[in-house]
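Since the structure comes first, as structure tokens, the remarks are kept for the end.
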Amino acid sequence: MTTITTENPVPGTREGLESGVLEAAANKRRKRTYLALLIPGILGLLVSFVFPLLYMVRMSFNEGAPDGVVIDTFTFQTYIKPLTDPYYWRVTLDTFRMGLTVGVLCLVVSYPIALFLVRSTSKYKGLLLAIAIAPLLTSAVVRTYGWMVILGTNGLVNTSLESMGLIGSPLKLTNNMTGVTIGLVEIFMPYAILAMISGFGRLSPQLEEAAGSLGASKFKVFMRVTLPLSLPGVFTAFLLVFVMAISTFITPRLLGGGSVQVLATEIYDQTTGLLNWPFAAALSVILLVLFGTIIAIYQRIVQKIGG
Amino acid sequence: MTESKLSIVDLTKKYAAGLAPAVDRLNMEVEEGHLVALLGPSGCGKTTTLRMVAGLMDPTAGSIMVDGREITQEPVNKRGMGMVFQSYALFPHMNVEQNVAFGLQMRQVPKAEQKARVAEALDMVQLGHLGKRATKALSGGQQQRIALARALVVEPTLLLLDEPLSNLDAKLRDTMRTEIRSIQQRTRATTLFVTHDQDEALDMADRIAVMNGGLIEQFGSPIDVYERPRTHFVANFIGQANFLTITVGEDVGPASAAGERNYKIEVPGLGHFGAVGASGLTGRSLPVLIRPHRLRASLQPSASVQELKGTVEQVSYTGDTLSIAVRVGDEVLQSQLHTTSGSLPHTGDTAFLSWDPEHAYILPEHAKAVAA
């Protein structure tokens with residue numbers, strides 16, 4: 001609480017009424033408090049994000065020599081290779097395609113669950129929600145290994161299909177993009193569900209009833225009312241999953257078994273395998289700029305649509 | 001009797017086995033063009049009934065017929081009714097025109113006709129100038145009107161209103177009451193109207209169905225349910241009521257209302273008075289209803305009229321009227337006086353209560369235990 005000292009104009013006196021001195025003083029104090037409260041956060045961001053980011057950008061203009069030696073210089077050499085070599089174009093494109101596929105599939109499988117959870121009036125609603133996001137309690141590494149067991153040549157899926165006589169030889173579900181996609185979709189589902197639930201605020205059973213009473217069939221109600229009103233959640237969820245998918249490393253690495261190359265795995269190889277830090281830094285900057293732009297465009301479009 | 005627009009036969013809704021039904025074998029006939037109020041306290045089953053008629057809820061048993069055609073099994077979107085929800089339920093992602101046009105689009109009405117009918121409907125609710133507005137930019141009263149226009153533009157077989165006025169402030173509620181009533185009369189839309197507000201029901205409805213515990217206690221015109229309530233509950237729910245348990249005495253001839261008789265009645269221990277009631281009540285012990293504004297209170301005893309003598313316990317002044325509570329023996333009776341009357345009573349005064357026999361109505365049955 002603030003107290004009024006005798007030096008300050010007293011409410012009701014001429015000065016106090018005329019210029020709103022009291023409000024101005026209070027505003028100033030409030031502003032200072034806000035700034036003070038921001039300091040820890042800003043410091044944390046500076047140390048853990050802004051400084052490393054600037055350091056990485058600077059690093060990308062250095063030159064990498066064999067055996068991890070970094071030659072301090074200023075060159076665009078590191079950028080020329082990824083921008084001209086078709087291999088890196090393909091990796092970038094694969095990364096983009098993976099983000100898109102995982103995002104879309106994740107939405108498709110998560111949407112009904114999120115919708116169900118939002119609408120449920122069951123007394124177990126809380127429990128159901130907890131179950132839906134429970135996979136977050138285990139790490140992505142563990143879940144990726146789980147998928148390797150399930151999708152492998154002698155895994156659950158292949159042996160079941162074979163014993164039912166549906167396939168002659170095992171499907172190739174690991175060590176390729178299919179496996180990575182399946183794994184990522186499952187791993188990101190809890191995030192997608194949470195993001196959608198938080199964006200489904202405008203949905204209401206009464207609006208659907210109103211549409212029904214005006215003659216809309218169940219399908220029309222969904223297309224004209226439920227879906228449009230749930231778009232904000234859908235857009236948020238897609239963005240979240242897309243961003244996580246293009247930057248994820250563990251699942252493409254483990255389920256991809258070395259044959260799936262995306263920007264994240266490429267950066268990892270450059271840093272830990274080839275010890276070419278400037279080149280890894282350049283790839284990181286490309287990832288950042290390219291996908292930052294894509295996301296900015298996406299946000300623009302979403303706002304236009306009115307999500 | 002004319003052919004009913006809506007017939008409800010033995011309509012029953014049980015939410016769960018073991019629970020008392022929310023609606024219990026309800027029967028009702030609604031005439032074409034009538035506005036019928038479903039009136040009752042919360043939990044009486046009025047909204048459940050409306051939702052079953054709309055097709056938003058499946059009945060457990062019974063049937064609903066519109067124009068003589070059974071529609072109980074028809075899905076909501078095939079019923080062709082117009083519904084106005086308590087919270088209006090306007091689509092937030094559509095503007096006013098798009099909201100109103102929705103039902104026409106679903107019926108695949110040609111574009112040009114859609115446009116004309118939407119404009120006409122918006123003019124009817126006097127909001128023709130707001131067509132391009134977003135619905136969230138509208139006030140409560142405007143949203144209410146849009147909801148009404150959206151329901152009426154499709155020329156519904158029935159117009160269903162679920163407490164449409166309860167979210168409006170008092171002043172606006174009065175205006176909308178008049179407006180809904182006049183629009184309903186102009187369009188001659190047969191209307192079911194759910195409300196818990198007795199004034200609303202009395203003011204707007206052609207017929208009132210007073211509901212309690214999943215049953216209709218009485219179905220009749222506003223004057224019927226107010227003047228000639230069938231049960232204690234109805235008398236009490238519609239307007240204020242004084243009850244005295246009396247013994248019905250001698251039948252002293254026909255009363256002014258058809259079929260009714262004048263009786264002498266005895267208020268045990270307090271004297272003999274007059275009242276009206278159905279024929280054949282002599283000898284029974286029954287409650288008599290006297291509305292507070294028809295119970296005269298004066299500070300001087302009258303020489304010519306039989307009176308109840310009591311003490312004023314409470315006085316409440318509301319400007320136009322003065323309400324007093326008078327203790328007579330074990331009973332406390334409410335009386336309402338116009339503040340124009342000469343000397344106003346004060347707490348502690350002795351008051352003399354009297355009434356005209358035609359203003360005391362003997363209820364045909366005893367208060368029964370109120371169903372859960």
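Residue numbering restarts at 1 for every chain, and letters A, B, ... go by the order of the sequence lines. When reading the values below, keep in mind they use all heavy atoms of this one structure, side chains included, and skip hydrogens, waters and symmetry mates.
The distance from atom CD of A:Q206 to atom CG of B:L56, rounded to the nearest 0.5 Å, is 9.0 Å. The structure places CZ of A:R224 at 8.0 Å from CD of B:Q98, a figure rounded to the nearest 0.5 Å. Distance check: A:L214 CG to B:R107 CZ gives 7.0 Å after rounding to the nearest 0.5 Å.
Atom CG of B:D58 has 12 or fewer heavy atoms from other residues, nucleotides or ligands within 6.0 Å. By the 6.0 Å contact criterion, CD on B:Q108 is open, its count of non-hydrogen atoms from other residues, nucleotides or ligands being 12 or less. Few gaps surround CD on A:Q299; more than 12 heavy atoms of other groups in view lie less than 6.0 Å from it. Few gaps surround CZ on B:R186; more than 12 heavy atoms of other groups in view lie less than 6.0 Å from it. More than 12 heavy atoms of other residues, nucleotides or ligands shown are found within 6.0 angstrom of CZ on B:R181. For NZ of B:K78, the number of neighbouring non-hydrogen atoms (other residues, nucleotides, ligands) closer than 6.0 Å is 12 at most.
Interface remark: A:S204 contributes no atoms to any contact with chain B (heavy atom separation under 4.5 Å). With a 4.5 angstrom heavy-atom cutoff, B:L90 touches chain A only via backbone atoms. Using a 4.5 Å cut-off between heavy atoms, A:L207 contacts chain B through both its backbone and its side chain. Contact of B:R79 with chain A is not made at all, since no heavy-atom distance falls under 4.5 Å. Residue B:F91 touches chain A through both its backbone and its side chain, counting heavy-atom pairs closer than 4.5 Å. Using a 4.5 Å cut-off between heavy atoms, B:R51 touches chain A through its side chain atoms alone.
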May I have the step-by-step check of side chain to side chain contact (heavy atoms under 4.5 Å, CB included) for B:V76 and A:E209, ending in yes or no?
CA-CA 8 Å; B:V76 54; A:E209 288 180 354; over 6 Å; no
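Of all non-hydrogen atoms in A:L229 and B:H93, the two that sit nearest each other are CD2-ND1, 3.4 Å. Nearest heavy atom pair, residue A:S213 against residue B:F85, reads OG-CE1, 4.4 Å.
Ranked by non-hydrogen atom pairs under 4.5 Å with chain A, the options B:A151, B:G82, B:S87 are led by B:S87.
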